[in-house]
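Report on the structure given below.
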Amino acid sequence: MHHQLFKDRVCQLVASIPSGKVMTYGQIAALCGSPRSARIVGGIAHFGDDALPWHRVVNKRGGLASGYPGGRRAHALHVRAEGIKVDNKGIIDLAMYIWWPEDGQPEQRTTHDKE
DNA sequence: GTCATGACGGATC
DNA sequence: GGATCCGCCATGA
């Protein structure tokens, strides 16, 4: 495949995140074929389609986006509106809200846990 | 074609 | 445990 569709894949993936769930930039990038392109996802977010639920995209620490329109506070309000708990530092519990598409849900990792 | 950038990630100090 | 630096790689000028 070609990275030309990278942006398009990211957009579709973000659009498929259900309400009340979140994905990380690195996770999205990996699913789009480039695990090291997390920043690219961020770039797409800024200049991409505002209609997409970018507020459901957080960084690997579960932290809110730095350049979100309105600031991290606005981001926090938006995710909270979907039932996601955010602590005082603006950190989301990824273990509880992380979501994977049906296609590549590595929930088996929790049982085996290798790495 | 080259250069700079970015809503990140991971390693290092 | 927090702050900082560097690398990453697609994108736009």
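Source: prediction; values computed, not measured. In what follows, chains are A, B, ... by sequence order, proteins preceding strands, each numbered from 1.
- The environment of CZ in A:Arg61 is sparse: at most 12 heavy-atom neighbours from other residues, nucleotides or ligands sit within 6.0 Å.
- Ring geometry for A:His78 versus A:His55: interplanar angle over 60°, hence perpendicular rather than tilted (30 to 60°).
- Both A:Val79 and A:Trp100 belong to a common hydrophobic cluster when Ile, Leu, Val, Met, Phe, Trp and Tyr are linked at side-chain heavy-atom distances under 4.5 angstrom.
- Atom pair A:Tyr25:OH and C:dA10:P shows a separation of 18 Å (rounding to whole Å applied).
- Within the 3.5 Å criterion, the main-chain N or O of A:Ala76 finds no donor-acceptor partner in the side chain of A:Tyr68.
- Hydrophobic clustering, with ILVMFWY side chains joined whenever heavy atoms are under 4.5 angstrom apart, keeps A:Leu94 apart from A:Ile91.
- Consecutive Watson-Crick or G-U pairing (both distances under 3.5 Å) extending over three or more pairs maps onto DNA chain B as B:2-6 with C:9-13, B:8-13 with C:2-7.
- With hydrophobic clusters built from ILVMFWY side chains whose heavy atoms lie under 4.5 angstrom apart, A:Val41 shares a cluster with A:Ile17.
- Criterion: ILVMFWY side-chain heavy atoms under 4.5 Å apart, direct or through other members. Under it, A:Met96 and A:Val58 are part of a common hydrophobic cluster.
- Ranked by how close their nearest DNA chain C nucleotide is to the 5' end, A:Arg36 and A:Lys89 are led by A:Lys89.
- Comparing A:His55 and A:Lys60 by the nucleotide of DNA chain B whose heavy atom lies nearest to each, the residue mapping closer to the 5' end is A:His55.
- Contacts between residues 39-47 of chain A and DNA chain C, defined by a heavy-atom separation below 4.0 Å, involve A:Arg39, A:Ile40, listed by number.
- Running 5' to 3' along DNA chain B, contacts with non-hydrogen atoms of chain A at under 4.0 Å begin and end at B:dG6 to B:dG10.
- In this structure a side-chain-to-backbone donor-acceptor pair under 3.5 Å is present from A:Thr24 to A:Gln27.
- Judged purely by atom type and a 3.5 angstrom limit, A:Arg56 has no side-chain atom pairing as donor or acceptor with the backbone of A:Lys21.
- Residue A:Ala38 is in sugar-phosphate contact alone, with no base atom involved, counting any heavy-atom pair closer than 4.0 Å across all strands shown.
- Taking the side chain as every heavy atom from C-beta outward, A:Ile40 and A:Phe6 approach each other to under 4.5 Å.
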